[in-house]
Amino acid sequence: MSQALYVIKIGGNVIDNLEACTRFLNDFAKLDAPKILVHGGGKVATQIAAKLQIETQMVEGRRITDKAMLDVVTMVYGGLVNKNLVAQLQSFNCNAIGLTGADGGIIRSVKRPVKTVDYGFVGDIEAVNAKQINALLSSDLIPVIAPLTYSSEGLLLNTNADTMASATAVAMAELYEVNLIYCFEKKGVLSDPDDDNAVISSLDPVSYAEYKSSGVINKGMIPKLDSAFEALNDGVLQVTICHADDLLEAAKSAAGTVIALNTTY
Ligand SMILES: Nc1ncnc2c1ncn2[C@@H]1O[C@H](COP(=O)(O)OP(=O)(O)O)[C@@H](O)[C@H]1O
Ligand SMILES: CC(=O)N[C@@H](CCC(=O)OP(=O)(O)O)C(=O)O
């Protein structure tokens with residue numbers, strides 16, 4: 001049996017809250033296993049763009065990224081957010097190394113083709129270099145990956161962080177038994193959006209379809225769950241969605257919503 005690896009994604013609402021983010025990073029540092037952190041930061045990018053009088057436009061959970069917005073997300077994800085996370089992890093004795101998908105050629109993408117919507121400089125992932133990421137892990141470095149990728153033409157492209165996490169988890173599943181954990185500001189996927197304690201303990205494709213059609217699951221949760229099911233279909237052992245404060249519990253399967261393929265489609 002191969003070794004366990006945790007691929008953990010932290011979302012933008014937690015990153016935007018200094019205290020919550022520090023608590024999360026402290027727990028992440030304590031997790032005693034090979035691990036990778038993939039971060040978002042959409043909320044910070046929107047705030048900085050507004051300060052620069054650049055308007056944010058989202059379509060189906062994806063940011064329309066023109067050249068001005070690409071400059072903002074490059075500075076925010078690749079610089080401000082990534083480097084602050086790395087610095088805090090260092091203070092918790094976790095030897096983190098911050099990377100975009102371009103660094104070490106770890107995540108290559110293709111600029112999303114224009115169909116009904118022109119997303120601009122947004123990348124759809126083509127390849128994750130698991131060997132290169134594993135070389136970092138083998139040197140006792142903890143990769144902290146920002147949601148930016150590169151194309152073979154040399155473009156830097158904005159890429160959804162949930163998709164980055166799931167593609168990384170799938171690629172690493174060739175080498176490890178991967179446990180993918182999405183951490184955000186709620187206790188899991190909720191069966192009642194107004195009740196923060198109404199956590200669905202296990203979600204399969206049938207119940208997902210029902211909750212989606214009744215509108216209980218909506219907005220940013222849809223791309224997150226789509227990428228969660230994709231990861232399970234492509235070899236990831238376990239996927240959990242949980243509160244950032246519950247990371248260590250979720251790593252023991254004791255918190256959040258466990259995503260399962262255990263019913264027929
Ligand atoms: N049923 C649900 N349970 C929990 N959150 C939900 C649900 N339906 C929609 N959401 C929304 O999904 C959001 C999470 O998606 P997103 O904003 O993309 O998170 P992140 O930035 O952490 O990746 C939550 O903040 C919540 O508003
Ligand atoms: C193409 C695209 O939409 N990219 C995302 C990347 C950041 C992200 O996914 O951040 P959260 O996890 O905090 O939402 C964006 O710019 O919002």
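The chain is numbered in sequence order, starting from 1. The model shown is predicted, which means the values in this text are computed figures rather than measured ones. Just so you know, ligand 1 is whichever comes first in the structure, and atom 1 is the first atom listed for that ligand.
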Can you confirm whether more than 12 heavy atoms, excluding those of [X], are under 6.0 Å from its [atom1] atom?
| X | atom1 | result |
| --- | --- | --- |
| Asp195 | CG | yes |
| Glu55 | CD | no |
| Lys131 | NZ | no |

Okay, side chain of [X], backbone of [Y]: is any donor-acceptor separation there less than 3.5 Å?
| X | Y | answer |
| --- | --- | --- |
| Glu185 | Ala244 | no |
| Ser139 | Leu141 | no |
| Thr65 | Gly120 | no |

| request: Output yes when Asp27 and Arg23 qualify as a salt bridge under the 4.0 Å nitrogen-oxygen rule, no when they do not. | output: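 Salt bridge: no.
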| Is the shortest distance from a Lys or Arg side-chain nitrogen in Asp196 or Lys187 to a carboxylate oxygen in the other one below 4.0 Å? |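 Not counted as a salt bridge, because no side-chain N and carboxylate O are separated by less than 4.0 Å.
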| Per-ligand residue contacts, ligand 1, heavy-atom threshold under 4.0 Å |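 The 4.0 Å shell around ligand 1 contains Lys9, Gly11, Gly12, Asp162, Phe184, Glu185, Lys186, Gly188, Val189, Leu190, Val216, Ile217, Asn218, Gly220, Met221, Lys224.
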| request: Run the numbers on Ile142 and Leu89 for side chain to side chain contact (heavy atoms under 4.5 Å, CB included), then give the verdict. | output: CA-CA 9 Å; Ile142 306 301; Leu89 285 171; 5.6 Å; no
| said: Can you list every protein residue that has a heavy atom under 4.0 Å from any atom of ligand 2, sorted by chain and residue number? | reply: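 Shell around ligand 2 (4.0 Å, heavy atoms): Lys9, Gly11, Gly12, Gly40, Gly41, Gly42, Gly61, Arg62, Arg63, Tyr77, Val122, Pro147, Asn158, Thr159, Asn160, Ala161.
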